[in-house]
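Whatever order the structure lists them in is the order used to number ligands and atoms, beginning at 1.
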Amino acid sequence: MFKKILIANRGEIALRVQRACRELGIATVAVHSTADADAMHVRLADESVCIGPPLARDSYLNMPAIISAALITGAEAIHPGYGFLSENADFADMVEAHKLVFIGPSAQHIRMMGDKITAKTTMLELGVPLVPGSPGELATLDEAYAVAERIKYPVLIKAAAGGGGRGMKVAQNRAALEAAFREARAEAGAAFGNNAVYMEKYLDKPRHIELQILADTHGNVVHFGERDCSLQRRHQKVLEEAGSPAITTAQRDALGVVVTDALKKIGYRNAGTLEFLYQDEQFSFIEMNTRLQVEHPISEMISRMDLVHEQIRIAAGEALGYEQSDIELSGHAIECRIAAEDPETFAPCPGLVSVYHPPGGLGVRVDSALYAGYRVPPHYDSLIAKLITFGKTRDEAIARMKRALREFVIQGIKTTIPLHQRILENPEFIAGDYTIHWLEKFVGQEH
Ligand code: ADP
């Protein structure tokens with residue numbers, strides 16, 4: 001096992017990984033920008049290294065600075081968290097070139113899944129069902145017209161290098177395709193430096209269902225059930241549930257077999273998530289994330305497993321030591337992503353947190369790096385806390401979430417707590433009756 005790990009991230013996820021390290025008896029090294037000198041992840045780490053100025057590209061994305069910090073402090077492995085360098089294959093290569101361990105999959109698998117066209121072709125060959133669409137990149141508008149005629153409008157143009165919902169444009173009909181094609185390419189080029197796009201049928205009422213997996217380096221692959229992440233705004237997740245109110249245990253088990261078999265065949269290792277759209281009783285693969293996800297805690301709650309412990313053990317070469325039949329999923333968990341944003345306009349709202357009182361009690365988990373007197377910097381993602389509740393049933397998890405949201409006090413900045421409170425009161429949400437388009441309509445109606 002490692003003696004010291006560097007955590008190449010900030011905020012709640014840096015703390016989350018630190019907690020796992022401490023429980024495993026591993027010392028931690030925090031890295032931080034000058035804007036984060038007072039951050040909780042720095043205060044609680046055993047050691048810390050300043051890696052650059054506030055802008056992420058100069059600090060949290062500064063690969064040489066992070067590698068140097070690991071070498072100087074004698075860390076043996078690097079945990080990238082999510083975002084930043086977590087899905088950067090060049091970084092994974094660089095880590096290994098310096099005889100350090102990257103706590104995640106191989107650079108080869110990060111590259112394979114980072115290009116969504118390659119990811120889809122690979123999954124198709126492995127027998128995983130896909131959303132109907134173009135077999136590969138759409139090089140010309142004529143090709144786009146041809147595929148759209150075949151799969152029928154509406155269609156979605158997506159960026160091969162996509163992430164965070166960027167470079168995605170819907171065309172409802174032929175007249176709208178040219179603009180969607182050009183805009184998606186331009187946005188993809190600007191955001192990812194790669195303007196390759198592909199096409200998928202635009203599904204009108206899917207749910208976003210994803211499967212959490214873990215794979216060790218001894219050929220074992222297991223899954224931890226599904227998460228329903230259909231409540232999204234601008235293709236970004238807002239509230240997640242495990243399990244999904246829409247699918248049965250038999251459906252979960254069947255999907256689990258397809259997914260774990262596929263990952264065994266390619267020799268995948270460490271944590272990963274396969275994302276699917278689910279509509280008309282069909283699962284269609286859309287992408288794989290080769291890292292820990294923001295919403296991983298809800299899978300931990302229903303499985304009583306620490307996924308970060310497992311990631312670290314796998315990276316150290318240990319075998320899982322359990323099989324699929326040993327993983328017992330029970331109860332229900334919900335996560336509300338709380339952002340420093342205006343709950344009506346979603347404008348970012350960084351600033352000084354004057355009062356901070358997190359909720360507690362049975363079945364409540366708060367993953368956050370906030371404290372009273374902390375100034376939320378304007379340079380990074382607006383996620384400031386994840387509130388997770390667990391219950392024996394979905395109704396219990398909802399009731400617990402409502403009372404936890406009532407208890408949560410964050411003053412000085414605006415947060416999206418009121419938005420979550422409105423969602424939790426809604427009869428359609430309570431009935432579990434929603435698709436990926438539900439939240440945008442709900443938010444629209446509120447204005
Ligand atoms: P990104 O990597 O940018 O997050 P994804 O492929 O994961 O992109 O898609 C993000 C979200 O966009 C999905 O969760 C879903 O809500 C929506 N989406 C993606 N593909 C489709 C599709 N074919 N039809 C309808 N909605 C889609």
Side-chain angles (χ1 to χ4, degrees), residues 82-83 86-88 110 112-124 128-135 137-138 144 147-148 150-172 176-177 180-181 183-185 187-192 194-212 226-241 244 246 272-280 282-291 293-295 337 381 383 434-443:
Y82 54 69
S86 60
E87 287 178 299
N88 186 317
I110 298 175
M112 177 190 279
M113 300 304 168
D115 181 299
K116 294 182 168 194
I117 295 174
T118 316
K120 289 185 70 168
T121 333
T122 309
M123 288 301 165
L124 185 65
V128 179
L130 305 183
V131 185
S134 59
E137 183 187 344
L138 287 176
V147 178
R150 178 167 60 77
I151 63 174
K152 305 275 180 281
Y153 292 93
V155 296
L156 186 62
I157 310 285
K158 298 173 82 172
R166 279 168 305 172
M168 230 188 264
K169 297 285 167 202
V170 185
Q172 290 294 345
L177 187 60
F181 181 73
E183 283 168 24
R185 272 168 78 100
E187 205 172 297
F192 313 111
N194 171 359
N195 69 359
V197 295
Y198 61 104
M199 184 185 288
E200 275 177 4
K201 171 103 187 138
Y202 182 70
L203 300 181
D204 59 343
K205 48 178 179 24
R207 299 181 80 108
H208 173 119
I209 307 275
E210 58 184 35
L211 214 64
Q212 172 71 54
E226 82 285 7
R227 296 186 285 254
D228 193 322
C229 312
S230 303
L231 291 180
Q232 304 180 356
R233 190 181 151 266
R234 299 202 172 151
H235 307 300
Q236 300 269 27
K237 298 161 189 167
V238 172
L239 182 155
E240 303 96 345
E241 305 193 53
S244 168
T273 297
L274 280 92
E275 298 190 335
F276 294 85
L277 294 180
Y278 174 71
Q279 179 170 317
D280 303 326
Q282 300 266 338
F283 290 99
S284 309
F285 170 81
I286 49 171
E287 71 161 339
M288 176 166 184
N289 291 315
T290 53
R291 54 171 165 82
Q293 307 241 137
V294 175
E295 60 275 20
R337 295 191 188 196
D381 192 272
L383 180 77
Y434 56 81
T435 72
I436 60 164
H437 305 301
W438 187 88
L439 184 61
E440 297 226 319
K441 240 186 270 157
F442 177 73
V443 171

Hey, is CZ on Arg234 packed in by over 12 heavy atoms from elsewhere, all under 6.0 Å?
no
Among all protein heavy atoms in this structure, tell me which lies nearest to [atom], with the distance rounded to 0.1 Å.
atom	answer
atom 7 (O) of ligand 1	Glu287 OE2, 2.6 Å
atom 3 (O) of ligand 1	Gly165 N, 2.6 Å
atom 17 (C) of ligand 1	His235 ND1, 3.5 Å

Under the salt bridge (Lys or Arg N to Asp or Glu O under 4.0 Å) criterion, do Lys237 and Glu275 qualify, and how do the steps go?
CA-CA 12 Å; Lys237 298 161 189 167; Glu275 298 190 335; 2.8 Å; yes
Is the shortest N/O to N/O distance between [X] and ligand 1 below 3.5 Å?
X	value
Met168	no
Lys116	yes
His437	no
Gly164	yes

Ligand 1 atoms in contact with [X] (distance to a heavy atom under 4.0 Å):
X	result
Lys158	6 (O), 19 (C), 20 (N)
Leu203	24 (N), 25 (C)
Gln232	11 (C), 13 (C), 14 (O), 15 (C), 16 (O)

According to the interplanar angle, ranging from 0 to 90°, do the rings of Phe276 and Phe283 count as parallel (below 30°), tilted (30 to 60°) or perpendicular (above 60°)?
perpendicular
Pair Arg227 + Glu210, salt bridge at N-O below 4.0 Å:
yes
Within-4.5 Å side-chain heavy-atom neighbours: Arg207 and Gln279
no
